[in-house]
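Numbered from 1 within each chain, the chains take letters A, B, ... in sequence-line order.
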Amino acid sequence: MIDKIKSEWKDCVSKALEKYIGSDNFPEPGMGVPPKPEMGDIAFPMFAYAKIKGMNPVKIANEVCELISSSAHPAGTLSTAGAYLNVKIDSSSLFSELAKTIIGQGDSYGKNSSLEGKKVMLEFSCPNTNKPLHLGHMRNDSLGESVAAILKANGADVMKVNLINNRGVHICKSMLAYKEFANGETPERTGEKGDHFVGRYYVRFANWSKEVEARIKELEEKGCKQEAEKLKADSPDARAQRMLKAWEDGDEEVLALWRMMNKWTLDGLEQSYKDMGISFDRYYYESDTYKFGKSEVLKGLEQGVFFREKDGSVQIDLADIGLDKKVLLRKDGTTIYITQDLGTAIRRHEDWPFDSMIYVVASEQAYHFKVLFHILKKLGYGWAAGLHHLSYGMVNLPEGKMKSREGTVVDADDLLAELSSLAKDEIISKGREALVGDVEECSRKIALAALNYYLLQVSPSRDMIFDPKKSISFSGNTGPYLEYMGARISSILKKASEEGLSISPDVDGSLLCNEDEEHLILLLSSYPALVKQAAEGYDPSVITSFLYDVAKTFSHYYHDNQILKADTPALISARLCLCQAVLQVLKNGFALVGIPFLESM
RNA sequence: GAGACCAUAGCUCAGCUGGAUAGAGCAUCAGUUUGCGGAACUGAGGGUCGGAGGUUCGAAUCCUCUUGGUCUCGCCA
């Protein structure tokens, strides 16, 4: 709606300029926003025309302003400030139509059909099945889930997929440690979550391997070469490698162990996803796709896209994009990471012919995706042009990087539990247990808001510092603050209906004429354009900053203006209607960035 | 050595395809409740936008160079 007004004004200014300059050979007027709201809502700088006319831009602004004012023009008030031509939109007259749109469309307000008919596959999360999720995954999952919601809001047909990294030597490591040390222990028996249980054996392996290595070194220093060699041949790492070979050869015992432990981990991860509000439409498993990847590479070899090195390995020369050679199949015929990813991409396009596929993967893999996409193009897949790597930076801690070796990795489940518990403390200390109903559920939803908002407000490409203590802060620019605004507005509306006041979009919008009201109306009407912008850049932070802006403005408004006790019944109705519209837009925005809406908290 | 990403207030971050006096939050200091949720609101101090050139009427934003940081350049995933 606001877009329409803006483009009408742009046309109007453009036409006036044409008349003023006396030709249509001039740059389109640029549009901006004045630095202060009282100056207006749209700004047209006149500098560019100063040169053409050989005149002072201030004079141009004044004369064009007069030219427009003296004839018919779109609704709004013109003024000038220096070389700027400013338009003040009549927001209160905008409101009645806007309110009808927002309240009428409800949850659909802000959605559009710009990606209608587009099939977008979105890959994210992609855990290993040897340990639980950590904070890094949480940024990935938050981004993936949010981008999916944003693309859907733009009309795209989105398929969320997860690729489970369930094979490889790292998986064998936890299996081997389990076999060696567990004595038949199971998650059921210890009461542990499956992913944590398996993760414990992965850590156990690492320590074990370190111990043995130290012993080997000791023996070598003592000169006991034979014994050292013997120990080396039977070291944990050597045994893990042998286990991998047995796995690939289909050894039933190894496969049975693998199935059992994978299930434990996946059951655990499934629970974490559920707790975090993450879901997928389809799962892919590396164990299913790696062989297919191999056959595709061999096909490419026949086609001459790849070549066989003297040692028997299959490679591709990437000199055409300024890169080195890249191995696709080892000399012994086994596959590597990229082989599997090639297979997965091709299989996915067969399964569900997407227009584009987005990989949400950390920026450290930028090189990998550059190579992957290029190879798919060279294999002749036209759809490879629609592949995109949504790269995001690392999550660091205030103390520095997370390092698994130093035990500084923040576990996802632990973090969520910690945040929930802090939220719970807050509910209890405020004496709101009765009000919120299910305290546990409410705490969890506050924790999610805190987490998702904190992770999504930072531009994806940047590394970020996650401070667990600061993230749970309940005041300031945080997820809980936004939720709180939603709850306060809900509370007002609830009270209104208890008092028998009806809320309808049929109100006199012209009564909403103070600065905050005007600002709110313009914000609400700008929301649909932002939903589009967020999709174009795959950037949820567009939505988070908008939501904060709305909440902050409403907070200020609410502080200074009475709603239920406004001067006249007509004003009460108008303000209630505004509240309803603000609440609806907040809710709609929340849904795009993983902030659960709470009626009360 | 080559490439990618990043550098904005004490700290954590915004800043849309170049526009007016570079903005929030936290922290610090000072205030606001005879009111619908104080998890709130208001105000103050705090900046050479890493540095140097260039393009432009105009640069945090675009270009070049440079400094610093992170990551990558594996027959690991």
Using the P atoms only, state how far B:rG58 lies from B:rG18, rounded to an integer number of Å.
-> 15 Å

Answer yes or no as to whether B:rC36 has its base stacked against A:Tyr558, where stacking requires a ring-centre separation under 5.5 angstrom and planes under 30 degrees apart.
-> yes

Taking atom P in both B:rA9 and B:rA22, what distance in whole Å separates the two?
-> 14 Å

Rounded to the Å, how far apart are A:Met485 CE and B:rA39 C1'?
-> 8 Å

Got a donor-acceptor pair under 3.5 Å from the side chain of A:Asn86 to the base of B:rA20?
-> yes

Atom pair distance, as rounded to whole Å: CG in A:Leu547 and P in B:rG25 | 16 Å

Compare the minimum distances between each of B:rG35, B:rA77, B:rU21 and the side chain of A:Tyr337, then state the nucleotide with the smallest one.
-> B:rA77

So what does A:Ala43 touch, heavy atoms closer than 4.0 Å: a base, only the sugar-phosphate, or nothing?
-> base

For B:rG68, the Watson-Crick or wobble counterpart (both distances under 3.5 Å) = B:rC6

Do the ring centers of A:Phe47 and A:Tyr84 come within less than 6.0 Å of each other?
-> yes

Closest of B:rG37, B:rU42, B:rC57 to the A:Ile492 side chain is B:rG37

Write down the distance separating the P atoms in B:rA4 and B:rC11, rounded off to the nearest Å.
-> 29 Å

Minimal heavy-atom distance between A:Asn86 and A:Ala43, with the atoms involved, is OD1-CB, 3.3 Å

Considering only the P atoms, how many Å lie between B:rU67 and B:rG51, rounded to the nearest integer?
-> 15 Å

Hey, does the side chain of A:Thr478 come within less than 4.0 Å of B:rA39's phosphate (OP1/OP2), counting only N and O?
-> no

Residues A:Leu328, A:Ile336; criterion side chain to side chain contact (heavy atoms under 4.5 Å, CB included); working and verdict | CA-CA 7 Å; A:Leu328 302 174; A:Ile336 59 172; 5.7 Å; no

Contact class for A:Asp516 (heavy atom, under 4.0 Å): base, sugar-phosphate, or nothing?
-> nothing

Calculate the interatomic distance between A:Arg167 atom CZ and B:rC76 atom P; express it in whole Å.
-> 11 Å

Nearest to the side chain of A:Arg432, which nucleotide is it out of B:rC75, B:rA14, B:rG37?
-> B:rG37

In short, A:Met39 meets A:Pro34 closest at the heavy-atom pair CB-CB, 3.9 Å

OP1, OP2 of B:rA40 versus side-chain N and O of A:Tyr557: anything below 4.0 Å?
-> no

Sorted by position of nearest nucleotide on RNA chain B, 5' first, the leading residue of A:Met31 and A:Glu286 is A:Met31

Determine the Euclidean distance between corresponding C1' atoms of B:rG1 and B:rA60; express it in Å to zero decimal places.
-> 32 Å

Where the side chain of A:Tyr484 is concerned, which of B:rG38, B:rC13, B:rA14 is the nearest nucleotide?
-> B:rG38

Rounded P spacing from B:rC13 to B:rU32 in Å | 34 Å

Report the base-pairing partner of B:rA24 (Watson-Crick or G-U wobble, both distances below 3.5 angstrom), or none.
-> B:rU12

Please work out if A:Lys470 contacts a base, only the sugar-phosphate, or nothing of the nucleic acid, heavy-atom cut-off 4.0 Å.
-> sugar-phosphate

Between B:rC75, B:rA24, B:rG37, spot the one nearest the side chain of A:Ser491, thanks.
-> B:rG37

If you measure only the distance, is there a donor-acceptor pair under 3.5 Å linking the side chains of A:Tyr557 and A:Arg575?
-> yes

Between B:rA24, B:rG38, B:rA14, which nucleotide has the shortest distance from any of its atoms to the side chain of A:Ser545?
-> B:rA14

Check every strand shown and say whether A:Tyr454 touches a base, only sugar-phosphate, or nothing at a heavy-atom separation below 4.0 Å.
-> sugar-phosphate

Hey, does A:Ile563 reach any base, or is it just sugar-phosphate, or nothing, if we go heavy atoms under 4.0 Å?
-> base

Rounded distance (Å) that lies between atom C1' of B:rC76 and atom CG of A:Asp341 | 14 Å

Looking across every strand, which nucleic acid part, if any, lies under 4.0 Å from A:Ala83 by heavy atom: base, sugar-phosphate, or nothing?
-> nothing

Answer with base, sugar-phosphate or nothing: what part of the nucleic acid does A:Ser541 contact at a heavy-atom distance below 4.0 Å?
-> nothing

Side-chain N or O of A:Lys51 less than 4.0 angstrom from OP1 or OP2 on B:rC57?
-> yes

With distance as the sole criterion, do the side chain of A:Arg462 and the base of B:rA7 form a donor-acceptor contact below 3.5 Å?
-> no

For A:Lys131 and A:Thr265 the tightest heavy-atom approach is O-CG2, 4.3 Å

For residues A:Phe369 and A:Tyr359, establish whether the separation of their ring centroids is below 6.0 Å.
-> yes

For A:Phe47 and B:rG19, say yes or no: do the ring centres fall under 5.5 Å of each other while the ring planes differ by less than 30°?
-> yes

Partner of B:rG58 by Watson-Crick or G-U wobble geometry, both contacts under 3.5 Å, or none?
-> none

Would you mind telling me which of B:rC75, B:rA77, B:rG38 lies closest to the side-chain atoms of A:Arg488?
-> B:rG38

Counting any heavy atom closer than 4.0 Å, what does A:Ala81 reach on the DNA or RNA strands: base, sugar-phosphate only, or nothing?
-> base

Report which part of the nucleic acid A:Met601 touches: base, sugar-phosphate, or nothing (heavy-atom distance under 4.0 Å, all strands).
-> base

With a 4.0 Å cut-off on heavy atoms, is A:Ser461 in touch with a base, just the backbone sugar-phosphate, or nothing at all?
-> sugar-phosphate

Could you tell me whether the phosphate oxygens of B:rC75, OP1 or OP2, come under 4.0 Å of any side-chain nitrogen or oxygen in A:Lys326?
-> no

Among B:rC36, B:rC75, B:rC16, find the nucleotide with the atom closest to the side chain of A:Arg330.
-> B:rC75

Just say parallel, tilted or perpendicular for the rings of A:Tyr538 and A:His388, cut-offs at 30° and 60°.
-> tilted

Answer whether the closest heavy-atom distance between the side chains of A:Val371 and A:His374 falls below 4.5 Å.
-> no

Ring-on-base stacking between A:Tyr84 and B:rA20, under 5.5 Å between centres and under 30° between planes: is it there?
-> yes

Determine the contact category for A:Gln562: base if any of its heavy atoms lies under 4.0 Å from a base atom, sugar-phosphate if only primed atoms, P, OP1 or OP2 are that close, otherwise nothing.
-> base

When all nucleic acid strands are considered with a 4.0 Å heavy-atom cut-off, which category describes A:Tyr367: base, sugar-phosphate, or nothing?
-> sugar-phosphate

Would you mind classifying the nucleic acid contact of A:Ser555 as base, sugar-phosphate or nothing, using non-hydrogen atoms under 4.0 angstrom?
-> sugar-phosphate

Mate of B:rU32 across any strand shown (Watson-Crick or G-U wobble, both atom pairs under 3.5 Å) is B:rA40

C1'-based separation of B:rA39 from B:rU61 [nearest Å] = 36 Å

Interatomic distance at P, B:rG35 relative to B:rC29, whole Å = 30 Å

Among B:rA77, B:rC75, B:rC41, which is the nearest nucleotide to the side chain of A:Lys552?
-> B:rC41

Of the candidates B:rU72, B:rU56, B:rA40, the side chain of A:His559 sits closest to B:rA40

Residues in salt bridge (charged side-chain N to carboxylate O under 4.0 Å, His left out) contact with A:Glu296, at least two apart in sequence or another chain | A:Lys299

For A:Met39, answer base if it contacts any base atom (sugar-phosphate contacts may also be present), sugar-phosphate if it contacts only those atoms, and nothing otherwise; contact means non-hydrogen atoms under 4.0 Å.
-> base

Residue closer to the 5' end of RNA chain B, A:Ile427 versus A:Leu85 (nearest nucleotide) | A:Leu85

For B:rG1, the Watson-Crick or wobble partner whose two distances fall under 3.5 Å | B:rC73

